[in-house]
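In what follows, chains are A, B, ... by sequence order, proteins preceding strands, each numbered from 1. Treat the numbers as computed from the prediction; the structure is a model and nothing was measured.
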Amino acid sequence: MKKTLLGYIPEESPVYQLHPLTRVMFLLIVSIYPMLVAAPEWNLALTVLILGLLVYAKVRMNTIKNYIPIMGSMGFIILISYTIFGGYEPSYIPIGHLGSLTLYFQPIRWAIVTYMRLIPMIFVVIFFFSTSRERDLIVALRTLRVPFAMTYLVGMGLRSVGMVMEDFQIVREAEKARGFDTRGKSLFYKLRKFIMYIVPLFGLALRRSEEFSNALTARAYTFRGLLNQQKRADYVLSHYHLSFVDYIFIFTLILALITLVILRYHYGLMGVESTVINKLVLQ
Amino acid sequence: MEIVRIEDLRWKYSEAREYTLKGVNLFLEEGKFLGIVGPNGAGKTTLVYTLNGLIPYRYNGIKKGRVFIYGHDTEATPVEKLTSWVGLVFSDPEAQFTSMTVEDELVFGMENIGLDRKEIKARLEWVTELTNTASLLEKPPYELSGGQKQRVAIASVLAMKPKLLIMDEPTSMLDPIGRETIFEVIARLKQEEGITIIAIEHNLELLAAVADDMALLNDGQIIFQAQTREFFNNYDLLIANQIYPPEVTQMAGILRKEGYWPGSLPLNIEQARKQISKSLVRAV
Amino acid sequence: MAAYIDVQNLSYSYPDGTLALRKVNLRVNNGDFLALIGQNGSGKTTLSKCLNGILKPTDGTVLVDGFDTSTASVAEMVRRVGYVFQNPDHQIFNSNVYDEIAYGPRNIGLREAEVKDRVIEATRVVGLKDEHLSVHPFFLPKGLRQRVAIASILALRPKVIIVDEPTTGQDMYQSFEIMNFLTELHEKNGHIIIIVTHDMPIVARYAKRVVVMAMGQIIMDGPTAEVFSHPEELSKSFVKPPQITRLGQSLLTYGFPPNILRVEEMAAVVKEKMVFTP
């Protein structure tokens with residue numbers, strides 16, 4: 001098992017064959033697809049495809065269920081904001097009543113379209129973070145010749161998130177050990193008390209940052225650049241090579257993107273007017 | 001050849017009321033292993049910060065007196081140059097990790113001093129063999145045990161091939177076995193690589209077994225510096241400065257006070273056992 | 001006699017699936033001064049956190065003074081078992097020492113007059129001075145921050161005090177100071193003390209009873225002298241008796257006992273044997 005940013009996946013997962021850059025390209029390009037496509041059925045198809053890839057990559061599927069509540073509440077918020085707060089236009093077609101409230105077809109359709117755009121995007125992000133390690137992200141960035149200091153900050157950011165989460169856990173335990181009890185208290189009370197957690201986290205971060213910058217100096221690192229102005233060796237990149245499969249993969253992703261643009265804007269396919277929902281409801 | 005010379009060094013952090021170092025004099029020859037002991041707050045960490053340039057470059061304060069590394073005054077030498085001579089391992093390995101895999105951690109310093117990929121690869125092999133970390137290369141630091149973390153921290157500094165390796169309480173967070181693995185690494189470094197080492201350590205049982213020289217720092221001054229055996233023979237002076245020698249040394253120290261211990265004080269179980277059994281055999 | 005803390009078939013696994021404790025049984029009694037030892041990752045910290053309900057059992061039960069930790073309220077627990085974390089910086093929330101120590105008593109709903117009494121008492125017991133009370137704890141040196149952490153637990157007046165790694169990062173003299181202070185609490189005020197530590201000389205000198213853990217289980221449990229006289233057994237948890245005990249064990253053939261715990265004891269034994277020197 002290898003630890004990825006979102007969990008563990010087995011050593012023998014076929015995703016490791018791909019260059020980290022390919023995985024980052026997958027994240028960046030595939031998350032554009034749903035923005036081009038309005039018809040929900042196509043985005044549903046894309047979601048199914050990504051789920052298939054998750055299975056293929058041997059990601060533990062029971063971790064996916066952790067995200068279902070978020071997806072559910074997002075759907076609810078989108079539905080409310082399009083219907084109740086969606087306003088009214090004369091072209092709207094009424095389809096029913098909910099008490100004194102009249103329901104119109106177009107806002108509900110837009111809610112579904114928007115929601116079905118978000119779902120594949122979420123799964124693309126889940127796919128990337130459950131198949132990649134922090135190191136993969138950095139390797140990809142360096143392959144793209146992003147300056148070292150920037151990739152380094154990304155890495156440090158990710159690392160400090162882990163440390164803060166760990167501290168947060170201990171701080172919560174320490175609060176509890178001092179009789180702090182949120183059971184049966186209001187949400188407002190909990191939020192107000194949340195500040196309490198922040199104080200020690202800041203204190204710890206302050207102390208750490210001093211140690212950390214000392215450690216950087218001790219390892220001869222200066223943000224001004226290298227000691228003797230030579231090019232950085234980027235040793236980690238010597239482990240990775242873009243293979244033929246990677247080129248094919250990236251090429252396919254870009255080709256699909258171009259095809260989508262042409263289909264959508266030249267032939268007008270996969271738009272909101274051509275969705276099956278229209279056909280079902282309007283007939 | 002001398003590697004460190006400190007002359008009447010005084011240092012006051014700008015936010016502090018009193019001087020932390022109050023006139024330190026110290027001399028260290030290349031290839032030697034110096035152990036520094038002293039109660040908390042004596043200025044031990046501050047002292048080693050003056051050797052790799054953290055003081056005065058990263059901290060504000062008042063500095064008097066001079067520190068020389070290979071005859072170069074640290075105040076007139078760029079910090080990058082000092083850090084390539086002097087490697088410093090901090091007491092909390094967690095705080096000095098800057099990467100998400102052990103390999104990146106080891107490579108980081110080597111890239112900073114501008115080594116090429118071939119040299120990095122060669123040194124990786126050398127340093128992981130020496131510190132027994134080869135099997136850890138792929139792991140993220142938070143999956144390591146305390147002893148492994150500290151070995152990685154030492155390896156990451158060692159990979160830059162410093163002339164002088166300083167370790168600030170390298171075993172304070174470890175369990176007894178973790179401690180022993182660190183001292184095994186230190187013993188190998190001394191024997192096989194001949195690196196000059198300074199170690200600050202509260203655990204004198206392990207330190208006494210490997211150090212050539214010992215220095216006692218208290219209240220900002222070096223009270224006493226001597227060869228290890230002679231150092232621990234001054235039992236009363238150490239106790240007076242709140243330093244507790246290895247337990248077998250303490251025992252012999254108590255006995256000597258009452259006139260029961262002939263000869264010098266033992267530093268380890270083996271020496272103590274021999275001295276005790278010899279006198280018991282004579283008794284029979 | 002009923003145990004004050006009764007751990008029965010306790011198992012604990014972390015959310016990521018790691019099984020940290022497997023079917024542990026332990027009885028902590030009145031009058032115990034107990035050291036929990038074992039290698040890093042042996043489960044000793046997890047066990048100690050289960051003793052006051054910070055962690056709830058995955059399986060089995062932990063009874064404290066008759067209360068089941070998995071159903072008892074936080075307030076009921078903290079009045080009985082106090083837990084001092086290793087790094088005081090994890091538990092300092094307030095902007096001055098007084099409020100920091102008063103935090104626990106206020107949480108369990110005491111009146112302000114009572115809170116004040118307890119703060120004053122706890123401050124006195126740990127040896128903090130009055131002028132420290134108005135200081136921001138962040139700016140105190142580490143040794144004093146640790147005392148603030150202990151005082152903030154003492155103010156809850158728990159019967160049991162658990163201290164995680166009390167001597168890490170302290171020099172020997174400071175370690176002795178902290179341990180003498182815990183001994184005083186134990187002897188004068190009748191607290192049950194549990195320390196979780198790697199420091200064997202400290203265990204040998206201060207603990208009355210030692211519980212050794214390995215792989216999430218208790219492998220040894222007994223009086224300190226008894227536990228340390230079985231070095232081969234201890235090595236299963238990668239623990240070694242203190243140096244002075246090992247010296248005694250290397251001299252068994254000369255009739256030295258295998259369970260010497262303190263330097264002074266060893267000196268006395270050697271002296272006694274050498275008395276016959278002509």
Exercise. Looking only at heavy atoms, which two atoms of Val199(A) and Phe93(C) are closest? And how far apart?
Worked result: CG1-O, 3.5 Å
Which N or O donor-acceptor pairs, by atom type, sit under 3.5 Å across chain A and chain C?
| from | atom 1 | to | atom 2 | distance (Å) |
| --- | --- | --- | --- | --- |
| Asp167(A) | OD1 | His90(C) | NE2 | 2.9 |
| Glu173(A) | OE1 | Lys49(C) | NZ | 2.8 |
| Glu175(A) | OE2 | Tyr103(C) | OH | 3.0 |
| Lys176(A) | NZ | Gly53(C) | O | 3.3 |
| Lys176(A) | NZ | Ile54(C) | O | 3.4 |
| Arg178(A) | O | Asn107(C) | ND2 | 3.1 |
| Arg178(A) | NH1 | Gln91(C) | O | 3.1 |
| Arg178(A) | NH1 | Glu100(C) | OE2 | 3.2 |
| Arg178(A) | NH2 | Glu100(C) | O | 2.5 |
| Arg178(A) | NH2 | Glu100(C) | OE2 | 3.1 |
| Arg207(A) | NE | Asp89(C) | OD2 | 3.0 |
| Arg207(A) | NH2 | Phe138(C) | O | 2.9 |

For this session: Using a cut-off of 6.0 Å, state whether more than 12 heavy atoms not belonging to Met61(A) lie near its atom CE.
Result: yes
Problem set entry | Toward chain A, the part of Ile92(C) with a non-hydrogen atom under 4.5 Å | backbone
Exercise. Shortest non-hydrogen contact from Phe85(C) to Ala177(A)?
Worked result: CE1-CB, 3.9 Å
For this session: Heavy-atom distances under 4.5 Å only: say whether Leu201(A) touches chain C with side chain, backbone, both or neither.
Result: neither
For this session: Can you tell me which residue pairs pass the ring-ring contact (aromatic ring centres under 6.0 Å, His included) test with a partner in residues 198-219 of chain A, sequence neighbours excluded?
Result: none
Exercise. What heavy-atom pair brings Phe180(A) and Val74(C) nearest, and what distance separates the two atoms?
Worked result: O-CG1, 3.8 Å
Problem set entry | Met163(A) CE: over 12 foreign heavy atoms closer than 6.0 Å | yes
Exercise. Considering only heavy atoms, which portion of Leu204(A) lies under 4.5 Å from any heavy atom of chain C: side chain, backbone, both, or neither?
Worked result: side chain
